[in-house]
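All of these numbers come straight from a predicted model, not from anything done at the bench.
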Amino acid sequence: MQKTISKIYFSPTGNTKKTVDAMAAALGDALCDYDITANPAPAPCAFGPGDFVIFGAPVYGGRIPKVAAARLKSFTGSQTPCIVVVSYGNRHYDDALLELADLAQAQGFSVRGGAAVVGRHTFGEIQVDRPNAEDLAADQAFARNAAQNPDGKDLSLYGNRPYKDGGNGGSFRPLTSDACTACGLCVTSCPMQAIGPDCKTIGDTCIACFRCIRVCPVDAKNMNTEGYLSFAAGFSEKLKAARDNEYFL
């Protein structure tokens, strides 16, 4: 019997989703999609040993986002084989991959492989064309190999315990220009429900994922401040040398 392949991911700007989509497509057509970026998140679900799950999350300050970690705890396994993948913006992923694997194991999953992959950074102009076709092909090859990994007992992932501080997101708060049409897309898309019904008010729960900037149909959401633009320019220069994806089996 063909295993059901399930994707469980937090992906405010789409990088992680692209990767887990590619991995899932390499494993079969029987797919279930759990986008925990949505708020409210999907209902809790339990998986059996005959399932296969791909967990995905971005890296925020060397950790997986705290909100993602909390929502992932709604999913439980029974020695269910899985892959864990984190996407990061070309700096480093620090303890995020190990943290995600530890979380999956604590929830009853058996980790068969891990991947730390490069995607466009939320801030600045860093690796804006990634993941590219070459990245996604490598992701698919990894997924096929990981699915054949018999038990994952010898899997060794990069990272340290205790984990470093992180996972809160950035401190930047998007602005809204007069071009705003109050369509409400930013309000309904925000994973933290941090944007008020006026489409302009940003609450303290904002994690600076910039999802609202990416989805705004009229480019009204922005970070056009001198402080941010100066930071972004320097950050982009610092991280201009492309890093390679890392795969663990």
Determine whether [X] and [Y] make a side-chain contact, defined as any pair of heavy atoms from C-beta on separated by less than 4.5 Å.
| X | Y | answer |
| --- | --- | --- |
| Asn15 | Tyr88 | no |
| Gln107 | Asp102 | no |
| Lys18 | Met23 | no |
| Leu136 | Asn132 | no |
| Met192 | Val67 | yes |
| Ile207 | Asn168 | no |
| Ser189 | Cys212 | no |
| Val53 | Ile8 | yes |

Could you report the tightest heavy-atom contact between [X] and [Y], atom names first, then the distance?
| X | Y | answer |
| --- | --- | --- |
| Arg112 | Ser110 | NE-OG, 3.1 Å |
| Thr13 | Arg214 | CB-NH1, 3.3 Å |
| Ala24 | Leu31 | CB-CD2, 3.8 Å |
| Ala208 | Ser171 | CB-N, 4.4 Å |
| Gly124 | Ala232 | CA-CB, 3.7 Å |
| Ile54 | Val20 | CG2-CG1, 3.8 Å |

All side chain to side chain contact (heavy atoms under 4.5 Å, CB included) counterparts of Cys206, not counting sequence neighbours: Arg173, Pro174, Ala194, Ile202
Test side-chain hydrogen bond (donor to acceptor under 3.5 Å, both in side chains) on Tyr247 and Asp139; report intermediate values, then the result. CA-CA 9 Å; Tyr247 302 100; Asp139 293 339; 2.6 Å; yes
Single-linkage hydrophobic cluster [X]~[Y], side-chain heavy atoms < 4.5 angstrom:
| X | Y | value |
| --- | --- | --- |
| Ile36 | Val86 | yes |
| Val118 | Ile64 | yes |
| Leu97 | Phe142 | no |

Walk me through whether Lys164 and Asp95 qualify under salt bridge (Lys or Arg N to Asp or Glu O under 4.0 Å). CA-CA 7 Å; Lys164 66 175 293 184; Asp95 302 329; over 6 Å; no
May I have the step-by-step check of side-chain contact (heavy atoms from CB on, under 4.5 Å) for Val218 and Cys180, ending in yes or no? CA-CA 7 Å; Val218 294; Cys180 177; 5.6 Å; no
Measure from the side-chain N and O atoms of Arg71 to the backbone N and O of Asp35, and report whether any donor-acceptor pair falls under 3.5 Å. no
Once rounded to the nearest 0.5 Å, what's the spacing between atom [atom1] of [X] and atom [atom2] of [Y]?
| X | Y | atom1 | atom2 | result |
| --- | --- | --- | --- | --- |
| Leu157 | Leu98 | CG | CG | 6.0 Å |
| Ser6 | Phe52 | OG | CZ | 10.5 Å |
| Lys7 | Ile83 | NZ | CD1 | 13.0 Å |
| Ile5 | Asp51 | CD1 | CG | 8.5 Å |

Show your reasoning for whether salt bridge (Lys or Arg N to Asp or Glu O under 4.0 Å) applies to Arg63 and Asp94. CA-CA 7 Å; Arg63 299 279 299 277; Asp94 297 305; over 6 Å; no
Tell me, please, which residues at least two apart from Phe10 pass ring-ring contact (aromatic ring centres under 6.0 Å, His included). none
Checking side-chain hydrogen bond (donor to acceptor under 3.5 Å, both in side chains) for the pair Tyr9/Asp33: CA distance, chi angles, key distance, verdict? CA-CA 9 Å; Tyr9 57 91; Asp33 191 286; 2.9 Å; yes
So ring-ring contact (aromatic ring centres under 6.0 Å, His included) across residues 56-82, not counting sequence neighbours, yields Tyr34-Phe75
If you group Ile, Leu, Val, Met, Phe, Trp and Tyr whenever their side-chain heavy atoms sit less than 4.5 Å apart, what else falls in with Leu185? Val215
Connected hydrophobic set around Phe123, excluding itself, where side chains approach under 4.5 Å: Ile126, Phe172, Phe210, Ile213, Met223, Tyr228, Leu229, Phe231, Phe235, Leu239
Looking only at side-chain N and O atoms, does Thr19 offer a donor or acceptor that is under 3.5 Å from a partner on Ser87? no
Step by step, work out the ring pair (Phe, Tyr, Trp, His ring centres under 6.0 Å) result for Phe109 and Phe55. CA-CA 10 Å; Phe109 295 87; Phe55 289 103; 4.8 Å; yes
Check: Tyr93 ring centre within less than 6.0 Å of Tyr158 ring centre: yes
CG of Asp204: more than 12 outside heavy atoms within 6.0 angstrom? no
Just grab all the salt bridge (Lys or Arg N to Asp or Glu O under 4.0 Å) pairs involving residues 239-249, residues at least two apart or on different chains. Glu237-Lys240, Arg243-Glu246
Glu99 vs Arg161, salt bridge (Lys or Arg N to Asp or Glu O under 4.0 Å): CA-CA, chis, key distance, verdict: CA-CA 9 Å; Glu99 179 186 12; Arg161 304 182 188 92; over 6 Å; no
